[in-house]
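Worksheet: one structure, shown below.
Convention: sequence-line order gives letters A, B, ...; per-chain numbering from 1. All values below come from the heavy atoms of this structure, side chains included, with hydrogens, waters and symmetry mates left out.
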Protein chains: 2
Amino acid sequence: IIKIQDLKRDFTMGTETVHALRGVSFTIEEGEFVTIMGSSGSGKSTLLNILGCLDQPTSGSYELDGVSVKELNKNELATIRNEKIGFIFQSYNLLARTSAIENVELPLLYNSKVSTEERRERAIKALEMVGLAERLHHTPSQLSGGQQQRVAIARSLVNNPVMILADEATGNLDTRTSYEIMSLFQELNEKGITITFVTHEPDIATFSSRTIVLKDGNILKDYLNDDI
Amino acid sequence: IIKIQDLKRDFTMGTETVHALRGVSFTIEEGEFVTIMGSSGSGKSTLLNILGCLDQPTSGSYELDGVSVKELNKNELATIRNEKIGFIFQSYNLLARTSAIENVELPLLYNSKVSTEERRERAIKALEMVGLAERLHHTPSQLSGGQQQRVAIARSLVNNPVMILADEATGNLDTRTSYEIMSLFQELNEKGITITFVTHEPDIATFSSRTIVLKDGNILKDYLNDDI
Ligand SMILES: Nc1ncnc2c1ncn2[C@@H]1O[C@H](COP(=O)(O)OP(=O)(O)OP(=O)(O)O)[C@@H](O)[C@H]1O
Ligand SMILES: Nc1ncnc2c1ncn2[C@@H]1O[C@H](COP(=O)(O)OP(=O)(O)OP(=O)(O)O)[C@@H](O)[C@H]1O
Ligand SMILES: [Mg+2]
Ligand SMILES: [Mg+2]
């Protein structure tokens, strides 16, 4: 479902250039559950943003579900992001003045096939799945860090995406809550959803079937987790 | 240096009241290195915000360095926050339009005893200590999540505080970088700085000498780490 070939991404600021990705290649099959690890600054978020069609590479190719992403126009990219991909940002990107339930409903506002009642039901169900049934009407500043993170997770699920891209989705959660979220992701994966999960924590990586390790914008290792 | 007695903090939103802290009491001696753990929503940030003089309890007492914090006026609180306490926020609270070095210099702007040159030197040194010597002029959006977190850490150090309050300061860092940051905190602790560190990760807690566990706004356990 994902095929990247020699992906490069440079950030140029005046005279300085940061080579965030220096030629990354891999293929992810539909239904896989892959973990991406690597040290702070190794390029994980940059890679995930390209996979999520939020950013374009400087060079190299990205095929999503057989379609070359470079060929798509802005509207087609927006539709893919909204309907096919559930993205969980490292910094959540919640709307500050809206409640948890409204934040989670947001992706459904653009979906004309979903009625107002169904939108509310789906949002409530997603928040229940992450343990936030009692925080529906709190705004982000009225939520703990880990609760905000879980609102971001719930929001990524409401459009029934075929692929979830999660950037550190358990970074602010205690061990037990993290394991509950990872079990939820395993359940979604068993239903066929492809999951690409960035994490720093080795024991979180064990919930997936394969691990890709980045170092300074390159792939250091790419191995199946059963091999450990 | 810290003495809290029966601390309570309620958040009231309309008809709903959240009892974030339900009567918390402990004493932290000068020079201790304490870890606070607990599940998402158990009250850790609420507690830390009160200890950092950023929030007032609903009831109960807080003595900082022998002074009852309730008796202090706004200016005295601001001075304590700026000069005595280094606070690392769970969501960093960096200024979006300013570079890493300017963000780190910020607490020194209010310090009339520090010249412009010394301010710049201290900021550079703090950023070097967290491994960001090559990112001085990047703004937060030009930094990775873990790099932003480290800018927040560096900023907490520049005023040479007597006490550091860190809310999940390694949540977005890979294992090796986290251990480097924890060693840095151990070094600062050996110089006499009192450290109170909120974390979810048990192996990060082992860098401290004592662990306090919160559950639903109450203290569940309070033990010395050598006892484990
Ligand atoms: N301003 C607020 N208004 C209403 N409720 C709040 C507010 N701030 C926090 N809460 C609630 O108080 C409880 C404790 O929040 P707190 O941020 O202290 O948790 P925490 O232990 O830091 O969690 P985490 O590990 O997820 O960061 C949570 O259930 C949260 O929803
Ligand atoms: N917009 C930008 N402009 C300049 N440099 C950038 C920009 N975005 C990222 N970088 C740099 O590119 C490198 C990779 O960043 P990226 O966010 O992908 O790292 P990461 O692996 O996600 O790190 P972390 O684990 O800390 O979140 C970092 O060194 C960062 O400073
Ligand atoms: Mg990142
Ligand atoms: Mg918190």
Between [X] and chain B, which part of the residue has a heavy atom less than 4.5 Å away: side chain, backbone, both or neither?
{"X": "Gln147(A)", "answer": "both"}
{"X": "Gln149(A)", "answer": "neither"}
{"X": "Gln142(A)", "answer": "side chain"}
{"X": "Ser144(A)", "answer": "side chain"}
{"X": "Ser39(A)", "answer": "both"}

For Thr175(B) and Pro202(A), the nearest pair of non-hydrogen atoms, with its separation, is OG1-CD, 4.0 Å
Among [options], which has the most heavy-atom pairs under 4.5 Å with chain A?
{"options": "Ser40(B), Ser178(B), Gly146(B), Gly171(B)", "answer": "Ser40(B)"}
{"options": "Val18(B), Asp174(B), Thr177(B)", "answer": "Asp174(B)"}
{"options": "Arg150(B), Met37(B), Arg176(B), His137(B)", "answer": "Arg150(B)"}

Would you indicate whether the side-chain heavy atoms of His200(B) and Thr170(A) approach each other to under 4.5 Å?
no
So do Glu16(A) and His138(B) actually touch side chain to side chain, heavy atoms under 4.5 Å?
yes
Does Glu134(B) have more than 12 heavy atoms from other residues, nucleotides or ligands lying within 6.0 Å of its CD?
no
Name the member of Gly41(A), Ala20(A), Ser45(A) that forms the most heavy-atom pairs with chain B at distances under 4.5 Å.
Gly41(A)
Contact part of Glu201(B) toward chain A, heavy-atom cut-off under 4.5 Å: side chain, backbone, both or neither?
side chain
So CE of Met13(B) and OG1 of Thr139(A): to nearest 0.5 Å the spacing works out to 7.0 Å
